[in-house]
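What you see below is based on every heavy atom in this structure, not just the backbone, and it leaves out hydrogens, waters and symmetry mates. Quick note: residue numbers are just sequence positions, from 1.
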Amino acid sequence: MIESDGKRILIERGYEALDTEGTGVTIDEKRPGGPVSENMIRPFEISITSKHHDGELTESFWEKSTLPAHVVAGSALTVTPIAAQSLIHGDQSQYQMACKLRDYFQDNQRVLFSFNGINYDLKVLRHFYFENLQYPYQLSQDDRIHVDLLHASYAARDFSDQIQFIINEKGKKSLKQTDIALANGIDVGVAHTAADDTRTLMQIADLFLEKIPEIIFTAVECGNKFRVQNKMIEEEYFCHSNPWSSKALAPLMRNSIKGMENEIYFFDLAHDPEKYINASETEISKLIGKSRSPIVRLALNKNPILLSGTRFSEKIGINTNEALSKAMMISSNEGFINNLNSALIRRGNPYTKDINEKFPEMTIYSGFPPNADYLILNEFSGSSFNEKIQIRDHLKDSRLKAFANRLLVLEHPRDCQKSMLIQYQDFAKKRLLNDGRSVPNLTLPGAIEQMDDSIAKGYDNEDRIDEINQYHEHLRKELES
């Protein structure tokens, strides 16, 4: 039985905050350094801050790592103070950090807070795990709960006057983590260091728990996709906030198309359902995915915060009684629901595309590796080089085999045959020295292009620029040697 009381869950499990610093963000092919896929972004610093019973904050996990020779950081280094050379000559590898993080979360059921973690940190960790032979979905299994405080900030912006916000240059409330902290008297420490960011995040979590507890408790109750699905049947309608606005929404259905099961559909109660209840399948098809459409799509796996409609809709100008009447009218209309379902079936999966098998990192969503592979990989980290060879040979999944081959070189360079070293070096060159933008990762020319763009836009820390340039030059010489 899934618990439904967010307050009780927080008391029983406790909570902690996570932040990562990494090689950058997704970049469009038209921007400097692009294209860069989210699949190729890697963390080099991970921090988790929790709280002792006496209220003292402490880093329960704080690790840094080098980057493998086929990964480079560019202008991301202008916003974090981490030593650039430590990405080459640090104390531990990506694989070693991945194993430590896996072990940390092994029996950990604390509620996890992040800020934009849904769209960044947890995605980065998923791909980081995948390339380092860890189960990618560790943080979304076993009823783990994740609350993205950026999403809670959207709700605080529209449904409460208890949180202070800085007004930005566009005249809107700034939803940046640092700005929310500063507006509410929280010391941000050194911004863009994972440890200080998680301390700031914990203080924001405590502020929200004090000032907007119902929003946070609801966020906990919607802290994974199974809980969101459970929440959808509790009320006739809900309130939900996105980066731009808030809406009162009546739940309709979950998409049943293969690969689209995370889509959930609602009716926007700002619209009159009488205009749509007799809409045909074709007419409904034209409404799906359109801006200002009465049909609203949310994602189960993004843990949308579904606030009680009857408690919050008046705050955004939606009369409770009218909303209830509209919600019951549309959600109980079998003809409308059936036509919506038929429209979704006709639409299919519009995001299906060919997977580029040349880049195994890009295939994470093209099928799960066999469970047997991950079972034997549990032995990989503590094994000798020769034992790792045997484990690799027993793997069924070709992607995991490719990653294992890389790790054999990266973790055991002195034990590898010369042919394995040459093969990896050739691979790294193709990944990093490619200037034709035919790879989905940040290349060395792309990283340099990013830095040139940052300097052109006013970045003028000369010592840091020299440090980053030396890092890029060192990496170039290593690749060309």
Original post:
Salt bridge between E361 and R406, side-chain N to carboxylate O under 4.0 Å?
Top reply: yes
Original post:
Taking the six-membered ring for Trp, are H474 and Y471 ring centroids under 6.0 Å apart?
Top reply: no
Subject >> Residue pair I305 / A219: nearest heavy atoms and the distance that separates them >> reply: CD1-CB, 3.7 Å
Subject >> Matching residue for P445 among T443, I448, L442 - test: side-chain contact (heavy atoms from CB on, under 4.5 Å) >> reply: T443
**OP:** State, to 0.1 Å, how close T58 and R199 come at their nearest heavy-atom pair, and which atoms those are.
**Re:** CA-NH2, 4.1 Å
Original post:
Do K100 and Q92 have side chains that get closer than 4.5 Å, going by heavy atoms?
Top reply: yes
Subject >> Pairing residues for Y137 by the ring pair (Phe, Tyr, Trp, His ring centres under 6.0 Å) criterion, not counting sequence neighbours >> reply: Y135, F368
Original post:
Checking E221 side chain against G6 main chain: does a donor-acceptor pair fall under 3.5 Å?
Top reply: yes
Original post:
Side chains of T66 and F44: does their closest heavy-atom pair fall under 4.5 Å?
Top reply: no
**OP:** Taking the side chain as every heavy atom from C-beta outward, state whether M253 and L344 have any atom pair closer than 4.5 Å.
**Re:** yes
**OP:** Decide yes or no on side chain to side chain donor-acceptor pair (under 3.5 Å) for K302 and N119, but give the supporting numbers first.
**Re:** CA-CA 8 Å; K302 293 198 173 182; N119 288 320; 3.1 Å; yes
Original post:
Minimum heavy-atom separation for C222 to V228, with atom names?
Top reply: O-CG2, 3.5 Å
Original post:
Knowing that exactly one of Q177, H151, H146 qualifies, which makes a side chain to side chain donor-acceptor pair (under 3.5 Å) with S114?
Top reply: H146
Subject >> Non-hydrogen atoms of I48 and F105 that approach each other most closely >> reply: CD1-CZ, 3.5 Å
**OP:** Measure from the side-chain N and O atoms of N184 to the backbone N and O of Q164, and report whether any donor-acceptor pair falls under 3.5 Å.
**Re:** yes
Original post:
Do the ring centers of F267 and Y237 come within less than 6.0 Å of each other?
Top reply: no
Original post:
Looking at M97 and P43, what are the two nearest heavy atoms and their distance?
Top reply: CE-O, 3.7 Å
Subject >> Ion pair E263/R254, N-O distance below 4.0 Å >> reply: no
Subject >> K51 bridged to E16 by N-O distance under 4.0 Å >> reply: no
Anything under 3.5 Å between a donor and an acceptor, one on a side chain of residues 373-381, the other on a protein residue two or more places apart or in another chain? List them.
residue, atom, partner, partner atom, Å
D373, OD1, K396, N, 3.0
D373, OD2, K396, N, 3.1
D373, OD2, D397, N, 2.9

Original post:
With no hydrogens and no angle check, is any side-chain donor or acceptor of Q203 less than 3.5 Å from a backbone partner on I186?
Top reply: no
Original post:
With a 4.0 Å cut-off, would you call D5 and R8 a salt bridge?
Top reply: yes
Subject >> Heavy-atom closest pair, residues P68 and L410 >> reply: CB-CD1, 3.7 Å
**OP:** Return yes if some donor-acceptor pair links the side-chain N/O of R464 with the main-chain N/O of L77 below 3.5 Å, else return no.
**Re:** yes
Original post:
When you measure from the side chain of N132 to the backbone N and O of F128, does any donor-acceptor pair fall under 3.5 Å?
Top reply: yes
Subject >> Main-chain N/O of E467 paired with Q470 side-chain donor or acceptor, under 3.5 Å >> reply: no
**OP:** Using atom types as modelled and distance alone, determine if a side-chain donor or acceptor of S153 lies under 3.5 Å from a backbone N or O of L149.
**Re:** yes
**OP:** Kindly indicate, with the supporting measurements, whether the criterion side chain to side chain contact (heavy atoms under 4.5 Å, CB included) is fulfilled by Q134 and Q138.
**Re:** CA-CA 8 Å; Q134 310 303 321; Q138 184 191 34; over 6 Å; no
Subject >> Over 12 non-hydrogen atoms of neighbours within 6.0 angstrom of CG in N371 >> reply: no
Original post:
Ignoring hydrogens and geometry, is there a side-chain-to-backbone donor-acceptor pair from S75 to Q450 under 3.5 Å?
Top reply: no
Subject >> Cationic N near anionic O, under 4.0 Å, D143 to R227 >> reply: yes
